[in-house]
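See below for the structure under consideration.
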Amino acid sequence: MRIYVCVKQVPDTSGKVAVNENGTLNRASMATIINPDDMNATEAALKIKDATGCQVTVVTMGPPPAKAMLQELIAMGADDGVLISGREFGGSDTFATSQIIAGALHNLGIGEDDIVFCGRQAIDGDTAQVGPQIAEKLNLPQVTYAGDIEKDGNTLKIKRLLEDGYMTVEVKTPCLITCVKELNTPRYLTVKGILECYDKPITVLDYEALKDEPLIDKTTIGLKGSPTNIFKSFTPPQKGSVEMIPGTAQEAASALAEKLAKKHII
Amino acid sequence: MGFQSENIEEYHDIWVFCEQRDGKLQNTDFELISEGRKLADERGAKLVGVLLGSDVKGIASELGGYGADKVIICDDPALKVYTTDAYTKVLCDLVNDKKPEVLLVGATTIGRDLAPRCAAKLHTGLTADCTHLDIDMDKYLDFLRESSTIEVDPEKFKMDDTNLKMTRPAFGGHLMATIICPRFRPCMSTVRPGVMKKSEFDQAKADACELEMYPVSLSEDDLKTKVLEVVKATKKMVDLVGADVIVSVGNGISSDVQKGLALAEELCDALGGGVVGGSRVAVDEGWLSDDHQVGQTGKTVHPKIYVALGISGAIQHKAGMQDSEVIIAVNTNDAAPIFEVATYGIVGNVFDVVPKMIEEIKAQKAAK
């Protein structure tokens, strides 16, 4: 039994975002983190490993530095890593990305007991599309927004969170599950894990390794092949018209209430 | 290679996937139908609602009242409750048979599960969480003039472009991106709930709406997941999207969370009644439940009055509230980014300023 966890290295958008003059994101100037939901996906896999001793493989598509993230996840408890990396893959939209990752997973082999975990969505794109699209390409059943997972042999009972409650979904392996932060609290790295992570294998799959993969349509990958293209990107105009109200708390509150009343806002 | 989705000239009409829960249409359906009407008129196409469920024929014509020319109904007991498998199979069969040019889906926990699965199956692109849609190029350029800092030069655009132009916030609203899907059909987009304006309901149009029953073909083999139960949250969910007044709290109340929340409640009441919201911090720290979160990962709101208490204004948060009519921000840091989008700003501590605000607002109202 093997569990694959699909993870992504993302710019840390919780701080200030740096934008280039042409309106694109200045990634080089921003710190990178492991996408938060992917940490929950990794923890879900490691919990099953704790109970069953199965193999946990972390998989990412990205530039070569993403290898450091895989090492960190191995230090957390994963057994090995797969880095899908190639210039031909760069600029892929979610459709193209999911084809490539599905192709890589197919190439690695998905057995009857296996599970693919993903985070619900990545904080850079917020699309939540890649998980379901990988599932479709691999013809696996999917359960998204997993807030609780019970595993009994090959059957999983998953609490799927909705806006107004939840539904309990039963699914059999092999399957793909996307995880939300309510699912668990990711564990910390251990010193032993950190010391050992450099000895664990990380496989690199490039274009050459995947080009004959039947799940990948070579005309719809990368920047040029992706079905969706950026037509225009732009920055919204700054409102910049804030009226700062000075004075002590009492003075400011009084002046504000007066303004609100005058403009019939209250 | 030869994918059916490449034969773009065969695809016509604007479709909206209409979601029902418990046999009831959702607000998002009416918003998307209203928006779809606008697109159908720009394109000179028909607007079709697609409704999957069990025993749902009776509710379909209401969609006509918001602008649908026609509703295609797939009625089957297996479609009563949403499952990825059954809904994907039925919707993709329908799309492959009837070939719509555009397919809009609400960006709900159901729509965001269904749409990517279908897009992958149909071999077409999908744009997530759109907040603005255009087909007509003139209208799109008007939108750019109003919503961007770009100098718009019509000479530089192909004015007869008929691709659906799907605009969405990227990186928490700091950047906006307009996405197109030029080589494949349908153009698919999920649309943020609460963003598109619902039109006035028109009974005559509802009565005139054409209904088509479409046969469902599902077998046991198609269904790999089983829904054991659907549980409604026992506590009432907070209706942030419909609120006129929202008072949100952030890190600035961390020194006394209970008091901070109580002040927010009290300020809501003073402003005529509203809902307490929170930043990502407030929800992550467990001060407020998930349904209170305003922002890119939470809800997009545009109330009449939005008050941000001790919220620095991370881009995720601003993306969810910057279109509010009046924004009042209170923060100890005069350089906090929240002031970039605020109408009125007060530099100060929440615990000092808010009690005075409540007092003064009450006094102003009493004096009226």
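Chain letters run A, B, ... following the sequence lines, proteins first, then strands; residues in each count from 1.
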Do B/I305 and A/I265 touch side chain to side chain, with heavy atoms closer than 4.5 Å?
yes
Quick one: does A/Q250's side chain get under 4.5 Å of B/E360's, heavy atoms only?
yes
Counting only non-hydrogen atoms closer than 4.5 Å, does A/I230 touch chain B with its backbone (N, CA, C, O), its side chain (CB onward), both, or neither?
both
Counting only non-hydrogen atoms closer than 4.5 Å, does A/Y145 touch chain B with its backbone (N, CA, C, O), its side chain (CB onward), both, or neither?
side chain
Distance, nearest 0.5 Å, that separates CZ of B/R112 from CG of A/D126
7.0 Å
Salt bridge (Lys or Arg N to Asp or Glu O under 4.0 Å) between A/R160 and B/D113, intermediate numbers included
CA-CA 11 Å; A/R160 179 176 190 274; B/D113 184 82; 3.6 Å; yes
For the residue pair A/F234 and B/T167, establish whether any side-chain heavy-atom pair is separated by less than 4.5 Å.
yes
Side chain to side chain donor-acceptor pair (under 3.5 Å) involving A/T168 - partner list, sequence neighbours excluded
B/E229
Quick check on A/S98 against chain B: is it the side chain, the backbone, both or neither that has a heavy atom closer than 4.5 Å?
neither
Sort A/N139 into side chain, backbone, both or neither according to what part of it lies under 4.5 angstrom from a heavy atom of chain B.
both
Contact origin within A/Q121 toward chain B - heavy atom pairs under 4.5 Å
side chain
Under 4.5 Å between any side-chain heavy atoms of A/K232 and B/K165, yes or no?
no
Decide yes or no for A/V169 and B/T84: does some side-chain heavy atom of the first lie under 4.5 Å from some side-chain heavy atom of the second?
no
With side chains defined as the heavy atoms from C-beta onward, is the minimum distance between B/L271 and A/I266 less than 4.5 Å?
yes
What part of A/K159 lies closer than 4.5 angstrom to a heavy atom of chain B: side chain, backbone, both or neither?
neither
